[in-house]
Amino acid sequence: MSNDTIFGKIIRREIPADIVYEDDEVLGFRDLNPQAPVHVLFIPKQPIATLDAATPQDAALLGKVLLAAAGYAREEGLAEDGYRTVINCNEHGGQTVYHLHVHLLAGRRMQWPPG
Ligand code: DGP
């Protein structure tokens with residue numbers, strides 16, 4: 001099964017996105033439907049469909065995606081007030097794009113528990 005998605009098109013620059021972070025393995029771009037004043041998605045360039053599909057071989061890459069989000073938040077001055085990172089997995093988790101991504105949400109106080 002191909003695991004290409006709309007995020008693959010963003011990686012390949014086939015469709016536009018507001019890219020705010022990039023390194024060899026990770027891309028960060030603003031969410032089309034922001035849920036907070038800052039809402040950036042961090043993805044591995046090599047796609048993993050879901051967190052459930054990740055394997056021990058993906059451990060370093062997953063760490064890089066998380067550290068990219070944290071580093072971006074720190075550099076943007078978001079870390080002191082705080083932020084939320086979310087990985088939705090499969091239908092009940094609210095996942096709609098099957099290319100694993102970390103949501104970075106910041107710029108307002110988050111509610112807990114989530115809906
Ligand atoms: P999730 O529900 O966790 O799978 O989150 C998918 C997110 O992706 C959702 O918040 C909206 C965002 N999204 C979907 N399509 C596009 C797109 O074409 N461009 C951008 N920038 N974001 C998208």
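Along the sequence shown, residues are numbered consecutively beginning with 1. Whatever order the structure lists ligands and atoms in, that order sets their numbers, starting from 1. None of the values given here were measured: they were computed from a predicted structure.
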*Nearest neighbour in protein (non-hydrogen) for atom 18 (O) of ligand 1*: I6 CG1, 3.5 Å

*Any idea which part of L41 is under 4.0 Å from ligand 1, heavy-atom wise: side chain, backbone, both or neither?*
side chain

*Quick one: look up the protein heavy atom nearest atom 2 (O) of ligand 1 and list residue, atom name and how far away it is.*
G94 O, 2.8 Å

*Do F42 and L66 come close enough that some side-chain heavy atom pair is under 4.5 Å?*
no

_H103 ring center near H101 ring center (under 6.0 Å)_ = yes

*Is any side-chain heavy atom of H99 less than 4.5 Å from a side-chain heavy atom of I48?*
no

_What protein heavy atom lies closest to atom 14 (C) of ligand 1? Include the residue and the distance to one decimal._
V97 CG2, 4.1 Å

*Residue portion contacting ligand 1 (non-hydrogen atoms closer than 4.0 Å) for R30*: backbone

*Do L104 and Y72 have side-chain heavy atoms sitting under 4.5 Å apart?*
yes

*Do the non-hydrogen side-chain atoms of I10 and I15 ever get within less than 4.5 Å of each other?*
yes

*Can a non-hydrogen atom of Y98 be found less than 4.0 Å from any atom of ligand 1?*
no

*Winner among I19, L32, N33, D31 once heavy atoms are compared against atom 11 (C) of ligand 1*: D31

*Salt bridge flag under 4.0 Å for residues K64 and E25*: yes

*Hey, which atoms in ligand 1 end up nearer than 4.0 Å to a heavy atom of N88?*
1 (P), 2 (O), 3 (O)

_Any salt bridge linking E80 with R74? Criterion: basic side-chain nitrogen under 4.0 Å from a carboxylate oxygen._
no

_ligand 1 N/O within reach of H101 N/O, cut-off under 3.5 Å_ = yes

*Which protein non-hydrogen atom lies closest to atom 19 (N) of ligand 1, naming both residue and atom, and how far is it?*
I10 CD1, 3.7 Å

_N or O contact, H103 vs ligand 1, cut-off under 3.5 Å_ = yes

*I19 vs L27, side chain to side chain contact (heavy atoms under 4.5 Å, CB included): CA-CA, chis, key distance, verdict*: CA-CA 7 Å; I19 294 171; L27 195 71; 3.8 Å; yes

_Aromatic contact, F29 with F7 (centres under 6.0 Å)_ = yes

*Using a heavy-atom cut-off of under 4.0 Å, does the side chain or the backbone of V86 touch ligand 1, or both, or neither?*
neither

*Could you see which bit of T96 sits under 4.0 Å from ligand 1, with heavy atoms only: side chain, backbone, both or neither?*
both

